[in-house]
Amino acid sequence: MGDDDEVDYAHMVANFASAPALGFLCLVGVMGSTGVELEFTDDDSSVHEPLLLGGQRRDADEEPGCLRVTPYGDAGIVSLATLSWLSPLLSVGAQRPLELADIPLMAHKDRAKSCYKAMSSHYERQRIEHPGNEPSLAWAILKSFWREAVINGAFAAVNTVVSYVGPYLISYFVDYLSGKIVFPHEGYILASVFFVAKLLETLTARQWYLGVDVMGIHVKSGLTAMVYRKGLRLSNASRQSHTSGEIVNYMAVDVQRVGDYAWYFHDIWMLPLQIILALAILYKNVGIAMVSTLVATVLSIAASVPVAKLQEHYQDKLMASKDERMRKTAESLKNMRILKLQAWEDRYRLQLEEMRNVECKWLRWALYSQAAVTFVFWSSPIFVAVITFGTCILLGGELTAGGVLSALATFRILQEPLRNFPDLISMIAQTRVSLDRLSHFLQQEELPDDATITVPHGSTDKAIDVNDATFSWNPSSPIPTLSGINLSVVRGMRVAVCGVIGSGKSSLLSSILGEIPKLCGQVKISGSAAYVPQTAWIQSGNIEENILFGSPMEKQRYKRAIEACSLKKDLQLLQYGDQTIIGDRGINLSGGQKQRVQLARALYQDADIYLLDDPFSAVDAHTGSELFREYILSALASKTVIYVTHQIEFLPAADLILVLKDGHITQAGKYDDLLQAGTDFNALVCAHKEAIETMEFSEDSDEDTVSSVPNKRLTPSVSNIDNLKNKVSENEKTSSARGIKEKKKKPEERKKKRSVQEEERERGRVSLQVYLSYMGEAYKGTLIPLIILAQTMFQVLQIASNWWMAWANPQTEGDSPKTDSVILLVVYMSLAFGSSLFVFVRSLLVATFGLATAQKLFVKMLRCVFRAPMSFFDTTPSGRILNRVSVDQSVVDLDIAFRLGGFASTTIQLLGIVAVMSKVTWQVLILIVPMAVACMWMQRYYIASSRELTRILSVQKSPVIHLFSESIAGAATIRGFGQEKRFMKRNLYLLDCFARPLFSSLAAIEWLCLRMELLSTFVFAFCMAILVSFPPGTIEPSMAGLAVTYGLNLNARMSRWILSFCKLENRIISVERIYQYCKLPSEAPLIIENCRPPSSWPENGNIELVDLKVRYKDDLPLVLHGISCMFPGGKKIGIVGRTGSGKSTLIQALFRLIEPTGGKVIIDNIDISRIGLHDLRSRLSIIPQDPTLFEGTIRMNLDPLEECTDQEIWEALEKCQLGEVIRTKEEKLDSPVLENGDNWSVGQRQLIALGRALLKQAKILVLDEATASVDTATDNLIQKIIRSEFKDCTVCTIAHRIPTVIDSDLVLVLSDGKIAEFDTPQRLLEDKSSMFMQLVSEYSTRSSCI
């Protein structure tokens, strides 16, 4: 015996002696570096670069900040196994906050382009090979990435097998500790096998998980690109059945879900493998009773299926309600200006809150079903254990402590696949739903390639040739949109298209572009086309980028385009010239400026054919005639031009005029020929003449009218006017110096030129305040201690149940049990099911807490966003706000509460494991403390980079969504210019910008987990070494076995603990981002209770401006320079002036969309700055320049507040000439209005806006370019309606058409934000030198000038 003791003690000494060496090796593993490094450093930065960038540098110009490609693809085996290839990035992140430029580019095979090409080609191949069948998207994904799937599968298989080595060996280990030694050094060999198995398990798990993540990125990038390409090619019918909100959701939600399925892909075959391995181990320990294990396992799985199905049902409902809410949110954000002007924002916010309540109902069920799944998860191994042990006892089998512990360890491993099974079923179902939705979308009808026939340039002299063609936006409609169209346009011809609103003018241009479904006939095009739509489509970006539109910069051509589009003066007025960043949808440009930027874009492309849809409607008379001369007659003199116009004076210059009526070309010919022919064309010209005649005042006009208006004329002397003209001409000479001088500035300076703010992102640690605010948001935080208590009780009871089984059973075969078998099972069941009950309570509490918090945060954010001033929406792309209310809100809804609960439970579990191990081998505590310190240090080292990567990720998501929604809105323009490829390339580039931080973030998690698990594996090995070093019999085998059972779980729990904290910190960034929007500055109060105007206010409609000064931002110059004047009540005021003179700013100040810097506006003796915004805006009426319709019905668009009867609505429709149109529709007032009102012409939308004003019956009406988009006859009609229906109201009209303002009682002429003139039109016309006289003469003579 003495010799044996000496051997044992010798081994103990050897163990302790080898500890430092093991520690050193572990440290090397943790550092993930050999210390051998080749450095190639830049002068500018200490970033390590690979020596050979090879072909990878070719995309470097896209991201000038980063030329490095991730070393992941070329890393060696050791570097891959230890993930040390990521260490340089983490090292930078530990020193300072990471930026996008620090993150290496993806390898070529991992980029979006490669993934898209692979998936797209396999998808298309199926379509070609099996034309009758619908191509399978799932098959295309599998064919594209099967190699990655196989490699991941190999890692998963090895990982699964080695994870069962520990449970298999526990019974041998307990036997060894009990004194049953089978062969020499058995203890050390067992400990070594345990250690090697754990090491292999750790290494394979990390490779498997990272491989799965990379595959997920590939699938997401490829699918997103496919959805984007489809969005650009959708036909009109398909586009109507998918709103832009839905298409964005396909990308944001469905693609994400399909990509996430990569995690579950191998579970289908791994689950049976895990069950077979578990049954093999159990057969060794409990014999034939393992059959009952199989039955119990099948029952557990069966029990989880209905719960999972229920969860899937709730998930579907939740997604559908989320789609609805997102659609409405996107629409509200896009049209926020109109909502604020009409004082409707509260109504729409309440609608969104109601939609959110429906969503919350499904969210509640989804979260509670999640709690039920958690209960099933924790109960299933207990249920399986009770059945197995019960059966074994009933069959008379003998249980030993070793066998029980081995079985318990096996059940614990089996718990994971059992838990994953309902998840797997649910994920398969969810992924199928998403795949079906995506497949359905990808199968949608595209614009046919043969809609137009392209004829080689030199083979014909005809630019456009349409033969007997019929087109219809809705092919199933009995009445086509255009029928019997015959049109032959010779190259270089100038063709004008005219007709009343709704006659099919815009549709004619669309038919040439191939946008409308063609029912019969032929359309031939020879040459490239440029298209300018009626409703301006402007991209976010600066003005230069919008004009260049992807073409390289040519200074002379660029300068000519700016001059031809009269943009010189505008660029002068803008602070940063052509480097000014345009807001979302060009929101910070006036209507005229947007239209002229579009025209410049078309001109710069130097196309052969120009299709212009009413380009002159949004500009004033002077600019309109200048545009016509410089643009159409001069710049496009040699081009083929087809222009739609309502301005009759632009028709004589056309070589061919087409008159449209009800979708037919009723007349075609030159101006004089058509005049002699009479009919439709004559009617249009007569309407124009009627308008011109209103300007020819008789000399003996009614003196009373003139004298009744006080003379407030502020006209400067003639010499002053000359000075003004000289100044303008001087300015124009220097405009290229000012407007385009930005080019010469340094790139750094140009970066500062911003009207749109960069997306804000916090830096550094997430503040503790964010956590505390989140936890205190619901029920004042009272649920948090209850959650912790429930989790602690669960852990205590679970350890107690396992200890009871190990203690009460015989230590080795032949020993007698310490208690009766019935008591053994009853006590075990009580403890075990008690623990799972506490876990159910915890899950319910977490779900309740999460739901309440998510709802409070959503409502708070929504209210703050809706109360934000208009300047916030002007400078914030809607994609950025949508990102907050969709992606971030989803994280708060479904993730954060469970992450918080998960972190609490993992912490308590870890403490439980350490407690059990310390109870047996107190020496473990010697290692636990330094290990905890090392873990905390590594966690801090990692989180510094991880946090910034997550923030960069959140910021990089917005541009993808924004480009998506922007491209879908401007798809017709993109196609018109043939720019699909460039936009596709941009989308792929943005996807790569998003994938870079995503990949690095996922790799960083694995980097940390690997090091954590290596540390805990070392601690476990140390514990094992101590246990085998003790002489047999000196330690209680059952407790030692229990320690090993828990120790086997240490590395998994350790990495899960750190991971759950890191994921929580990464996810809590969503809360941080939502809190940013909960602190937005607010507009003035909607209602000020002690300052409410009387219900009859305004009675007279007097508007007095007193020294009114307005600027858009504190650091920008004044736009209005101290304007003082009085608009008498009940009078018609015309407001004219050149683009940029401050007309629209004046209106915005009247509605308080901008608060004055100085001075005040007084309406009927009440200073409007003292009353609530809702009281002000609800008493004023406006018909804006861009007529906005909301998705829904005609009734809802006219009366969203539901204050009017059907009778009143019909009367308003009759007055605005839409009664007849709507009566012919089947649904009458419930006729559908599509997104943006796309199924109604622009003119009809304008009439609906007039209908709103008629229903509102306000005392003050503002018309902001309200008739720009309608023909002269309709304009005259609208003016008549306004004159009769608003005869007692104060009507302020901003107009470019002089006849619109010529019969006003007073005319205000603005110039550069100051009043140039203010008097009656008669008096201003008497003075031949007045600016107003110049505008009138310009307008009335421009036809003849042309």
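A salt bridge is absent between Asp888 and Lys957: the closest approach of a Lys/Arg side-chain nitrogen to an acidic carboxylate oxygen does not fall below 4.0 angstrom. Salt-bridge check for Arg96 with Asp102: passed, with a basic side-chain N closer than 4.0 Å to an acidic carboxylate O. Of the charged side-chain nitrogens involved, none lies within less than 4.0 Å of a carboxylate oxygen, so that Lys1143 and Asp1264 do not count as a salt-bridged pair.
Of all heavy-atom pairs between Met1196 and Gly1192, the closest is SD-CA, 4.2 Å. When all heavy atoms are compared, the tightest approach of Ile543 to Gly577 is CD1-O, 4.1 Å. Between Ala1253 and Leu1261 the shortest heavy-atom distance is CB-CD1, 3.9 Å. Among all heavy-atom pairs drawn from Ser332 and Leu352, the shortest one is OG-CD1, 4.2 Å. The nearest pair of heavy atoms linking Cys360 to Gln855 is SG-OE1, 3.1 Å. Here the shortest heavy-atom pairing between Asp1167 and Ile1162 reads CA-CG1, 4.3 Å.
Contact check for Ile1163 versus Arg1179: no side-chain heavy atoms found under the 4.5 Å cut-off. By the 4.5 Å heavy-atom criterion applied to side chains, Phe898 and Leu367 are counted as neighbours. A heavy-atom distance below 4.5 Å is not found between the side chains of Arg884 and Val865. Put simply, the side chain of Leu1146 reaches to within 4.5 Å of the side chain of Leu1105, judged on heavy atoms. Asp874 places a side-chain heavy atom less than 4.5 Å from the side chain of Arg337. The closest side-chain heavy-atom distance from Ser871 to Ile1154 is not below 4.5 Å. Residues Arg880 and His962 form no side-chain contact, since every pair of their non-hydrogen atoms from C-beta on lies 4.5 Å or further apart. With contacts defined as side-chain heavy-atom distances shorter than 4.5 Å, the pair Ile896/Ile1068 qualifies.
Under the salt bridge (charged side-chain N to carboxylate O under 4.0 Å, His left out) criterion, Asp1175 pairs with Arg1092, not counting sequence neighbours. Under the rule for a ring-ring contact (aromatic ring centres under 6.0 Å, His included), Phe994 has no partner lying at least two apart in sequence or in another chain. Scanning for side chain to side chain donor-acceptor pair (under 3.5 Å) contacts around Glu331 gives an empty result, with sequence neighbours left out. Listed by chain and residue number, Tyr348 satisfy the ring-ring contact (aromatic ring centres under 6.0 Å, His included) test with Phe1190 (two or more places apart in sequence, or in another chain). Residues passing the ring-ring contact (aromatic ring centres under 6.0 Å, His included) test with Tyr774, sequence neighbours excluded: Phe849. The ring-ring contact (aromatic ring centres under 6.0 Å, His included) search around Phe866 returns none, not counting sequence neighbours. Take Asp1107 and apply the side chain to side chain contact (heavy atoms under 4.5 Å, CB included) test, not counting sequence neighbours, and it matches Lys1109, Ser1124. A search for side chain to side chain donor-acceptor pair (under 3.5 Å) contacts involving Glu324 returns Arg327, not counting sequence neighbours. Under the rule for a side chain to side chain contact (heavy atoms under 4.5 Å, CB included), the partners of Glu353 that lie at least two apart in sequence or sit in another chain are Arg349, Leu350, Val859, Leu862, Arg863. Qualifying side chain to side chain contact (heavy atoms under 4.5 Å, CB included) partners for Ser945, counting only residues two or more places apart in sequence or in other chains: Leu90, Leu98. Remark: Val885 pairs with Arg325, Met326, Thr329, Met861, Leu882 by the side chain to side chain contact (heavy atoms under 4.5 Å, CB included) rule, at least two apart or across chains.
Interatomic distance, Phe1151 CZ to Ile1168 CD1, rounded to the nearest 0.5 Å: 9.5 Å. If you take OG on Ser1000 and CG on Leu998, they are separated by 9.0 Å, rounding to the nearest 0.5 Å. Distance check, rounded to the nearest 0.5 Å: CD1 of Ile538 to CD of Gln595 gives 8.5 Å. Distance CD/Glu1072 to OG1/Thr950: 10.5 Å, rounded to 0.5 Å. In this structure, CE on Met251 lies 8.0 Å from CG on Leu991, to the nearest 0.5 angstrom. Annotation: the span from Asn883 atom CG to Ile961 atom CD1 amounts to 4.5 Å, rounded to 0.5 Å.
Side chains of Tyr228 and Ser967: a donor on one and an acceptor on the other come within 3.5 Å. Side-chain contact annotation: Ser321 with Lys361, donor-acceptor N/O pair under 3.5 Å absent.
Checked by atom type and distance alone, the side chain of Arg1177 never pairs as donor or acceptor with a backbone atom of Leu341 at under 3.5 Å. Glu545 places a side-chain N or O within 3.5 Å of a backbone atom of Asn542 that can act as its donor or acceptor partner. With hydrogens and angles disregarded, no donor-acceptor distance shorter than 3.5 Å links the side chain of Ser1070 to the backbone of Val892. Here the side chain of Thr876 pairs no donor or acceptor atom with the backbone of Phe873 at under 3.5 angstrom. Between the side chain of Lys856 and the backbone N or O of Glu777 there is at least one donor-acceptor pair closer than 3.5 Å. Side-chain atoms of Trp362 do not come within 3.5 Å of backbone N or O of Met319 as any donor-acceptor pair. A donor-acceptor distance shorter than 3.5 angstrom exists from the side chain of Arg347 to the backbone of Pro1200, with no hydrogens or angles considered. Using a distance-only test at 3.5 Å, with no hydrogens or angles considered, no donor-acceptor pair links the side chain of Arg1067 to the main chain of Arg899. Under the 3.5 Å distance criterion, the side-chain polar atoms of Asn546 are matched with a main-chain donor or acceptor of Gln539.
Each salt bridge (charged side-chain N to carboxylate O under 4.0 Å, His left out) pair with one or both residues in residues 1153-1163, not counting sequence neighbours, appears once here: Arg1152-Glu1155.
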Worked verdict on Glu966 versus Phe983 for side-chain contact (heavy atoms from CB on, under 4.5 Å) = CA-CA 11 Å; Glu966 196 171 61; Phe983 275 81; 5.8 Å; no

Hey, mind stepping through Ser890 and Lys322 against side chain to side chain donor-acceptor pair (under 3.5 Å) and telling me if it holds?
-> CA-CA 9 Å; Ser890 279; Lys322 188 185 176 71; 2.6 Å; yes

Run the numbers on Trp1097 and Leu1176 for side-chain contact (heavy atoms from CB on, under 4.5 Å), then give the verdict.
-> CA-CA 9 Å; Trp1097 179 86; Leu1176 169 70; 4.1 Å; yes

Step by step, work out the side-chain contact (heavy atoms from CB on, under 4.5 Å) result for Ile1103 and Cys1292.
-> CA-CA 10 Å; Ile1103 304 173; Cys1292 302; 4.1 Å; yes

Check the pair Gln315 / Arg257 against side-chain contact (heavy atoms from CB on, under 4.5 Å), numbers first and verdict last.
-> CA-CA 12 Å; Gln315 196 73 31; Arg257 201 178 272 165; 3.9 Å; yes

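In this structure, Tyr1077 has its ring center under 6.0 Å from that of Phe872.
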